[in-house]
Amino acid sequence: MASTVPVEEPHKVFDTILTLDFGSQYSHLITRRLRELQIYSEMLPCTQKLADLSWKPKGIIFSGGPYSVYDKDAPHVDPAFFELGVPILGICYGLQEIAWHESKTNVIAGSEREYGHAGVKAQRCGGQVDRLFDGLEDEMTVWMSHGDRLSQLPESFRVIATTSNSPYAGIAHETKNMYGIQFHPEVTHTPRGTKLLENFSVGICKAKREWSMEDFMVQEIARIRSLVGEKDQVLGAVSGGVDSTVAAALMKEAIGDRFHAVLVDNGVMRLNECAIVKETLEGHLGINLTVANGTEQFLSGLKGVTEPEAKRKFIGGKFIDMFEAEAEKIEVGAAKDAGKVKWFLQGTLYPDVIESISFKGPSATIKTHHNVGGLPKRMTEGQGLKLIEPLRELFKDEVRDLGRKLGINHELVMRHPFPGPGIAIRILGEVTPERVEIARKADHIFISMIREAGLYDQISQAFAALDPSKAVGVMGDKRVYQYIIILRAVQTTDFMTAKAFPFPFDFLDQVSTRIVNEVDGVCRVVYDCTSKPPGTIELE
Ligand code: GLN
């Protein structure tokens, strides 16, 4: 299909601000905030060499980081970036990096750490504040987290902001567009931080605010078409979740019936899940869908398996086996003139990309995540299928936005995440068909009641789990000895930390009554109040 739309990656099409990551836990938020301002931004590790960059950013931000610039092993930016001639903003470690680049004696360990809120005063010069503080109050609340400080002002720099403890809370080069701030504008604890990032990227870098989901969609569809060509076929696993559905809808839009979605029913999906996915993908979105029913195989293979990692491994492995078998059938059954299945669709999101490239500071990753589309190694490496990842530049809320643009209904777009190993990791210990049935029914009641109460969109993830140790109860004057249902609902923005949702007690009371009355085999319901950390969101 001929297209006049350029088929380049977003950083070649949109004005882009590059964030170089020195390992701060907030680095990705810089990118988030810029995109909220409709400015496209990407993050790369601080070890990126300028010579290896195939595109030119409109401006560069150096993030914070856990090291001290004067440490022997501290990471340093490729000095070529200083010569690129585009504006630079250093945040915390980034500021210290700029100062250290000027002279190795400019940064020292402070006598006290500054951690938490501080009031920053923009310096006036000839009655004017610096462009970086344009439109901001003369004194604003910011968030700080540092132990090192500048010992002196680097040569050719001037002070543009101070706090009561930091004489160099903000600095700017006299002639070049180079800025440093000791505080973090990217966190919500700095209420006006986004305005400061706007001043930098729009006011100083002159980046156009042109990042819109509409343009991205048109752009990405053209890119998929040119990548896949006129004949090749693409396979993708779908789960009923937001990411795989949006990715599938985008593929359908780009290449129509040459995209084949496969849903593997692993027997541990939610109540009526398969029917709902079929209805949405086939009925509503017109996507070519094959459902492979693996209930028997999965449930018999899970017999006697109690250890959470063993369950995950088994389900992951079996999933690939079934998916591969389906893939072969699709190729054999395809129309005569159809090309080969050469591509595998994967719903990778930007946080996964960031996680895999981010500069690792001393804090290690706590948990690896399971993604239903994320198991293709054997297929990509073993069978030479090429990966296609149309969502790899997007954050979750951007995926939702794209989903809306593709006509996917609100309910699906706002759906809570659901783990690949499904209910199997919400049944503590051994998974049996009876337990799956009970957990499913309880979950369905809990989620329906959350929806009816209008609370669904305020909660990030909710589910009912089953504790197979039994408790004594009394029903109809008879002693019973039955399972315990654990309700869990959390609120979180990034899934790295989370808090239990504060339901009104009456609501929990009603859920508990309905579950005990309507689900055979349950005589107790409890609510899990644990935060993450120390808990995780799922129970296994
Ligand atoms: N590690 C540096 C310091 O303590 C930078 C901290 C940061 O970037 N938040 O000052």
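Read the numbers this way: they start at 1 and go in the same order the structure lists the ligands and their atoms. Because the structure is a prediction, the values reported are computed rather than measured.
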Taking distance alone, with N or O pairs closer than 3.5 Å, would you say [X] contacts ligand 1?
X: Gln182; value: no
X: Asp148; value: yes
X: Gln96; value: yes

Any heavy atom of His184 sitting closer than 4.0 Å to ligand 1?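 The answer is yes, since His184 has a heavy atom less than 4.0 Å from ligand 1.
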If we ignore hydrogens and angles and just use 3.5 Å, is the side chain of Asn199 paired with the main-chain N or O of Asp134 as donor and acceptor?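 Answer holds: yes.
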Member of Gln123, Lys121, Arg124 meeting the side chain to side chain donor-acceptor pair (under 3.5 Å) criterion with Asp138: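 In the set Gln123, Lys121, Arg124, the residue that makes a side chain to side chain donor-acceptor pair (under 3.5 Å) with Asp138 is Arg124.
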Report the part of Ser24 (side chain from C-beta onward, or backbone N, CA, C, O) that has a heavy atom under 4.0 Å from ligand 1; answer both or neither where that applies.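 Under 4.0 Å from ligand 1, Ser24 contributes no heavy atoms.
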Classify the angle between the aromatic ring planes of [X] and [Y] as parallel (below 30°), tilted (30 to 60°) or perpendicular (above 60°).
X: Phe446; Y: Phe507; answer: tilted
X: Tyr93; Y: Phe22; answer: tilted
X: Trp211; Y: Phe14; answer: perpendicular

Can you see whether Asn165 engages Thr163 through a side-chain donor-acceptor pair at a distance of less than 3.5 angstrom?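 Checked: Asn165/Thr163 side chains show no N/O donor-acceptor pair below 3.5 Å.
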Under a 3.5 Å cutoff, is there a donor and acceptor pairing between the side chains of Ser212 and Glu214?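 Looking only at side-chain atoms, Glu214 and Ser212 do not form any donor-acceptor pair under 3.5 Å.
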Identify, for [atom], the protein heavy atom at the shortest distance, and state residue, atom and that distance.
atom: atom 3 (C) of ligand 1; answer: Gly147 N, 3.4 Å
atom: atom 9 (N) of ligand 1; answer: Ser145 O, 2.9 Å
atom: atom 6 (C) of ligand 1; answer: Gly65 O, 3.2 Å
atom: atom 7 (C) of ligand 1; answer: Cys92 SG, 2.9 Å

Within a distance under 4.0 Å of any heavy atom of Pro66, pick out the atoms of ligand 1 and give their elements.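 Checking each atom against Pro66, I get 1 (N).
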What atoms in ligand 1 come closer than 4.0 Å to a heavy atom of Gly64?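 The atoms of ligand 1 under 4.0 Å from a heavy atom of Gly64 are 8 (O).
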Evaluating non-hydrogen atoms only, which member of Trp143, Tyr115, Tyr67 is closest to atom 2 (C) of ligand 1?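 Considering heavy atoms of Trp143, Tyr115, Tyr67, the nearest to atom 2 (C) of ligand 1 sits in Tyr67.
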Residues Arg32, Glu36: salt bridge by 4.0 Å N-O rule: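 Here Arg32 pairs with Glu36 in a salt bridge, since their nearest N and O are under 4.0 Å apart.
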